[in-house]
Amino acid sequence: MKALYPGSFDPITNGHVDVIKRISKLFGEVIIAVLLNQDKEEYIPVKDRLELIKKSVEGIKNISVESFSGLTVEYAKSRGANIIVRGLRAPSDFEYELEMSQINYFLSSGLDTVFIMTNPKYSFIRSSRVKEVVSLGGDVRELVPNPVYKYLQGMALRK
Ligand code: PNS
């Protein structure tokens, strides 16, 4: 089975990497698909996000890292993916994810989404919190992969 793991990954966190490690064992192939979202202000340019993801998942087999725009289900179809994967950190994620999986199922006439429960070690980590902590001068070393940590440090120095 070929799985599509879509998201903003702005930036990729240790929680994402944990999900990627686990799904790489469950599926024959995993495409990490980074959304090019014109409506959402980006923190890290997509080109750099792709590089950071590639560095963060180095050594994990069956993974490719790509960007896409438009509907996730259309991209999944174009890449021959037969399942979408999303991580669930907490019950508060559920409502949004349920709705998204249902619209995706409807739009694609039957593409299923499977959910991976985040390792409790990482369940409080979300990209928006990482950005907030960084912008206020806090330490995110334990929250993100090392290449992302270094990149964020570089960003802080350039400001
Ligand atoms: O990591 P995120 O920001 O929670 O990821 C959300 C993402 C990219 C998976 C979602 O916004 C998405 O699939 N966007 C593409 C447009 C789309 O297909 N929307 C759902 C049907 S309207």
Side-chain angles (χ1 to χ4, degrees), residues 1-24 26-27 29-57 60 62-135 140 143-145 147-149 151-152 155:
M1 269 213 167
K2 198 193 254 194
L4 190 83
Y5 180 39
S8 306
F9 303 101
D10 193 17
I12 187 167
T13 67
N14 285 344
H16 292 126
V17 174
D18 179 66
V19 168
I20 294 165
K21 279 185 187 157
R22 289 158 63 196
I23 61 180
S24 74
L26 294 175
F27 301 103
E29 196 179 331
V30 174
I31 301 169
I32 304 169
V34 181
L35 178 67
L36 285 163
N37 189 347
Q38 275 91 10
D39 300 335
K40 208 166 158 184
E41 206 181 314
E42 56 179 21
Y43 185 64
I44 298 177
V46 168
K47 185 173 106 349
D48 293 355
R49 262 185 267 163
L50 291 170
E51 276 313 302
L52 289 171
I53 297 171
K54 283 179 192 160
K55 284 185 192 159
S56 305
V57 301
I60 307 178
N62 319 325
I63 299 283
S64 56
V65 185
E66 305 171 2
S67 60
F68 76 104
S69 52
L71 287 174
T72 293
V73 290
E74 288 301 326
Y75 190 66
K77 207 192 297 171
S78 75
R79 298 292 291 106
N82 29 33
I83 206 124
I84 295 174
V85 179
R86 295 280 290 169
L88 278 183
R89 282 171 299 221
S92 52
D93 283 342
F94 180 73
E95 236 171 284
Y96 169 77
E97 294 294 340
L98 172 69
E99 203 181 291
M100 195 157 66
S101 69
Q102 288 173 330
I103 185 85
N104 284 339
Y105 188 83
F106 167 79
L107 289 170
S108 65
S109 325
L111 187 65
D112 270 311
T113 302
V114 299
F115 295 99
I116 296 289
M117 304 308 150
T118 299
N119 184 326
K121 248 175 30 189
Y122 306 120
S123 61
F124 64 98
I125 307 176
R126 60 173 72 234
S127 301
S128 56
R129 284 273 169 263
V130 168
K131 287 180 260 196
E132 189 178 352
V133 172
V134 168
S135 70
V140 295
L143 310 183
V144 294
V148 176
Y149 176 65
Y151 183 93
L152 295 173
M155 270 176 90

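Whatever order the structure lists ligands and atoms in, that order sets their numbers, starting from 1.
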Inset, instruction - Heavy-atom distances under 4.0 Å are what count here, so tell me which part of Asn37 touches ligand 1: side chain, backbone, both or neither. - result: neither
Inset, instruction - Tell me which part of Leu35 gets within contact of ligand 1: side chain, backbone, both or neither, using heavy atoms under 4.0 Å. - result: side chain
Can you tell me how far the [atom1] atom of [X] sits from the [atom2] atom of [Y], to the nearest 0.5 Å?
X     : Y      : atom1 : atom2 : answer
Arg89 : Asn119 : CZ    : CG    : 13.5 Å
Ile20 : Phe9   : CD1   : CZ    : 5.5 Å
Leu88 : Asp93  : CG    : CG    : 6.0 Å

Return the residue, atom name and 0.1 Å-rounded distance of the protein heavy atom closest to [atom].
atom                    : answer
atom 9 (C) of ligand 1  : Arg86 NH1, 3.4 Å
atom 2 (P) of ligand 1  : Ser8 OG, 3.6 Å
atom 11 (O) of ligand 1 : Tyr96 OH, 4.0 Å
atom 19 (N) of ligand 1 : Leu71 CD2, 4.5 Å

For [Y], is there any backbone N or O sitting under 3.5 Å from a side-chain donor or acceptor partner on [X]?
X     : Y      : result
Arg49 : Ser8   : yes
Arg22 : Thr118 : no
Arg86 : Pro6   : yes
Lys77 : Leu111 : no

Legend entry - Minimum heavy-atom distance between Pro45 and Tyr151, given as atom pair plus value: CD-OH, 3.7 Å
Legend entry - Asn104-ligand 1 polar pair, N/O distance under 3.5 Å: no
Legend entry - Nearest candidate to atom 10 (C) of ligand 1, where distance is taken over non-hydrogen atoms, out of Arg126, Glu97, Met100: Met100
Legend entry - Proximity winner for atom 12 (C) of ligand 1, if only heavy atoms of Val34, Thr72, Ile12 are counted: Thr72
Legend entry - Sub-4.0 Å heavy-atom approach of Glu74 to ligand 1: no
Legend entry - Proximity flag Gly70 to ligand 1, non-hydrogen atoms under 4.0 Å: yes
